[in-house]
Number of protein chains: 2
Amino acid sequence: MITLYGDVTKTRANRCSWMLNEIGIEHGREPLAFRPGDAKPPEFLALNPNGKCPTLIDGDFVLFESLAINLYLARRYGGLLGPQTPQEDALMTQWSLWVATEVEKPLLLTSAVRYLFDPCTPDGEEEAITMKKLARPWSVLDGHLKDREFILGDRLTVADINVAAVMHFIPIAGIDISPWPAMKRWLESCLARPGAIDLASVRFRVPRPPSSRDIFAMFL
Amino acid sequence: MITLYGDVTKTRANRCSWMLNEIGIEHGREPLAFRPGDAKPPEFLALNPNGKCPTLIDGDFVLFESLAINLYLARRYGGLLGPQTPQEDALMTQWSLWVATEVEKPLLLTSAVRYLFDPCTPDGEEEAITMKKLARPWSVLDGHLKDREFILGDRLTVADINVAAVMHFIPIAGIDISPWPAMKRWLESCLARPGAIDLASVRFRVPRPPSSRDIFAMFL
């Protein structure tokens with residue numbers, strides 16, 4: 001029995017709910033979410049000592065890190081969503097690490113100043129810095145997708161789901177990605193999938209830190 | 001034929017050279033390194049459009065992202081360094097993503113203010129912020145290693161190599177990790193392995209950005 005821990009409107013469990021939806025596998029959900037400072041239940045900390053969602057339980061096997069959970073589900077239960085060769089497995093892992101290290105934090109900061117912070121401050125100096133950082137990996141992805149429908153070629157895989165799931169804040173925060181048309185076409189087509197429904201709704205706001213330095217420190 | 005691109009004294013190729021050393025597999029090395037603003041050779045950009053090292057070539061297969069390269073090498077050629085079951089594979093991927101998202105950037109910033117920046121400014125406000133961030137994941141890893149010799153239990157695997165390789169700046173920058181004794185014992189034992197030799201030498205300095213905000217923005 002598979003159980004996904006994490007509220008899909010407030011945690012990265014929405015990334016894993018997309019994968020579970022695509023696979024169509026029966027599973028349970030425990031919609032936990034913690035605010036900063038919340039005491040975390042000992043029985044949850046026993047499962048994941050990081051005290052973070054999502055956490056996945058498959059029988060007696062426990063896994064954390066949203067992108068690792070999706071890679072596991074794809075390899076184990078995903079059929080063609082998962083790797084068919086060692087090379088495909090390596091590329092799916094590569095793109096998952098790439099989006100986590102090159103894209104996730106600057107994109108989250110951009111989304112915060114444009115949308116998540118209360119008050120939000122779009123088009124400020126912070127956004128200019130992060131958009132300059134994002135231009136580099138986005139040009140790489142755009143170039144890669146110029147002659148490919150999906151990241152691995154002609155079929156949807158966990159590589160698309162992990163990269164697009166990290167990038168789901170782009171439409172929510174109204175970030176203009178028209179300079180990267182192949183990436184834009186691909187992202188819109190991925191996020192329009194019925195399975196990605198939980199990524200469309202984000203229902204939280206975060207107080208805006210007092211200084212520009214504190215904003216950058218928040219997303220380190 | 002396997003070739004590793006990247007100067008081990010200036011790029012994260014030192015992470016992959018460790019894995020190649022542990023496996024003991026024959027391979028070639030191309031010690032490339034680029035400084036900011038350097039023009040990158042078109043033939044290298046054709047291999048890795050990110051223009052970053054390390055990049056691995058195995059026959060006609062090309063891979064980037066240092067931790068993904070190590071996972072591939074371990075799965076393909078690493079014997080017991082790699083996964084023996086789907087669960088082990090998932091845990092190796094999980095810990096690799098965990099160290100990249102929870103540890104890498106705050107640790108790099110701490111190492112920069114203590115060691116890599118010219119001038120360096122240890123024990124400043126920036127270090128206090130990053131050490132507070134690092135205390136959380138390090139307590140998790142310390143707790144995990146209290147009753148385990150290695151991350152997956154009783155044998156060295158790619159999980160140890162990837163996590164320890166990201167954390168190799170700790171001794172170089174003289175960061176005190178004595179509050180996490182199990183992690184300290186484990187890290188020292190990993191980095192003392194003959195295969196990890198390239199991680200001991202870091203031969204570059206970076207100009208210190210003018211403001212605290214710019215320091216944090218640099219590592220986003």
Side-chain angles (χ1 to χ4, degrees), chain A residues 45 48-52 56 58-69 71-73 75-76 85-87 89-98 100-102 104-106 108-109 125-126 129-130 132-133 136-137 139-144 162 211-220, chain B residues 45 48-52 56 58-69 71-73 75-76 85-87 89-98 100-102 104-106 108-109 125-126 129-130 132-133 136-137 139-144 162 211-220:
Chain A
L45 287 173
N48 179 355
N50 297 278
K52 288 190 176 180
L56 187 89
D58 183 3
D60 58 4
F61 179 60
V62 184
L63 197 63
F64 49 85
E65 286 294 328
S66 57
L67 305 183
I69 290 171
L71 285 163
Y72 167 76
L73 290 170
R75 287 182 191 127
R76 195 92 208 266
T85 65
Q87 288 78 11
D89 199 347
L91 292 172
M92 292 167 187
T93 309
Q94 165 197 282
W95 284 104
S96 300
L97 277 155
W98 175 89
T101 56
E102 299 279 332
E104 182 164 25
K105 288 179 181 182
L108 203 53
L109 196 153
E125 197 190 7
E126 290 80 22
I129 293 171
T130 53
K132 201 175 151 198
K133 275 190 191 267
R136 233 172 9 166
S139 296
V140 169
L141 182 57
D142 187 64
H144 182 79
N162 277 354
S211 76
S212 184
R213 199 279 305 272
D214 294 347
I215 290 176
F216 281 93
M218 186 172 185
F219 292 97
L220 186 70
Chain B
L45 287 172
N48 179 353
N50 297 278
K52 288 191 177 181
L56 187 90
D58 183 3
D60 58 2
F61 179 60
V62 184
L63 198 63
F64 49 85
E65 285 293 328
S66 56
L67 305 183
I69 290 172
L71 285 162
Y72 167 76
L73 290 170
R75 288 182 189 127
R76 196 90 208 267
T85 65
Q87 287 78 10
D89 199 349
L91 291 173
M92 292 168 187
T93 308
Q94 167 198 280
W95 284 105
S96 301
L97 278 156
W98 175 88
T101 57
E102 298 280 332
E104 182 165 23
K105 288 178 182 183
L108 203 52
L109 196 152
E125 196 189 9
E126 290 80 22
I129 293 172
T130 52
K132 201 175 151 199
K133 276 191 190 265
R136 233 171 11 166
S139 296
V140 169
L141 182 57
D142 187 65
H144 182 79
N162 277 354
S211 77
S212 184
R213 200 280 304 274
D214 294 347
I215 290 176
F216 281 93
M218 187 174 184
F219 292 97
L220 186 72

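Since we're looking at a predicted model, the values are computed, not measured. Chain A is the first sequence line, chain B the second, and so forth, proteins listed ahead of strands; every chain is numbered from 1.
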Q: Please name the pair of heavy atoms, one in A:Leu220 and one in B:Pro106, separated by the smallest distance, quoted to 0.1 Å.
A: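 So the two residues come closest at CD2-CA, 3.5 Å.
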(Q) Heavy-atom cut-off 4.5 Å, strictly under: side chain, backbone, both or neither for B:Ile215 against chain A? (A)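 Neither part.
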Pick from [options] with the largest number of heavy-atom pairs that fall under 4.5 Å of chain A:
options	answer
B:Glu126, B:Lys52, B:His144	B:Lys52
B:Glu104, B:Lys105, B:Met92, B:Arg136	B:Lys105
B:Pro49, B:Ala100, B:Ser212	B:Ser212

Q: Quick one: pull up CG in B:Asp214 and CZ in A:Phe216 and give me the separation to the nearest 0.5 Å.
A: 8.5 Å
Q) Taking atom CZ of B:Arg75 and atom OG1 of A:Thr93, what is their separation to the nearest 0.5 Å? A) 4.0 Å
Q: Report the residues that fulfil side chain to side chain donor-acceptor pair (under 3.5 Å) with B:Arg76, sequence neighbours left out, ordered by chain and then residue number.
A: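 Side chain to side chain donor-acceptor pair (under 3.5 Å) check on B:Arg76 returns B:Tyr72.
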With a 4.5 angstrom heavy-atom cut-off, which part of [X] approaches chain B: side chain, backbone, both or neither?
X	value
A:Asp89	both
A:Leu141	neither
A:Lys132	neither
A:Leu71	side chain

Q) Hey, does A:Ile129 have a side-chain heavy atom less than 4.5 Å from the side chain of B:Arg213? A)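 B:Arg213 reaches A:Ile129 side chain to side chain.
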Could you list the donor-acceptor pairs under 3.5 angstrom formed by side chains in residues 60-69 of chain A, with sequence neighbours left out?
unit_1, atom_1, unit_2, atom_2, d
A:Glu65, OE2, B:Thr101, OG1, 3.4
A:Ser66, OG, A:Arg15, NH1, 2.9

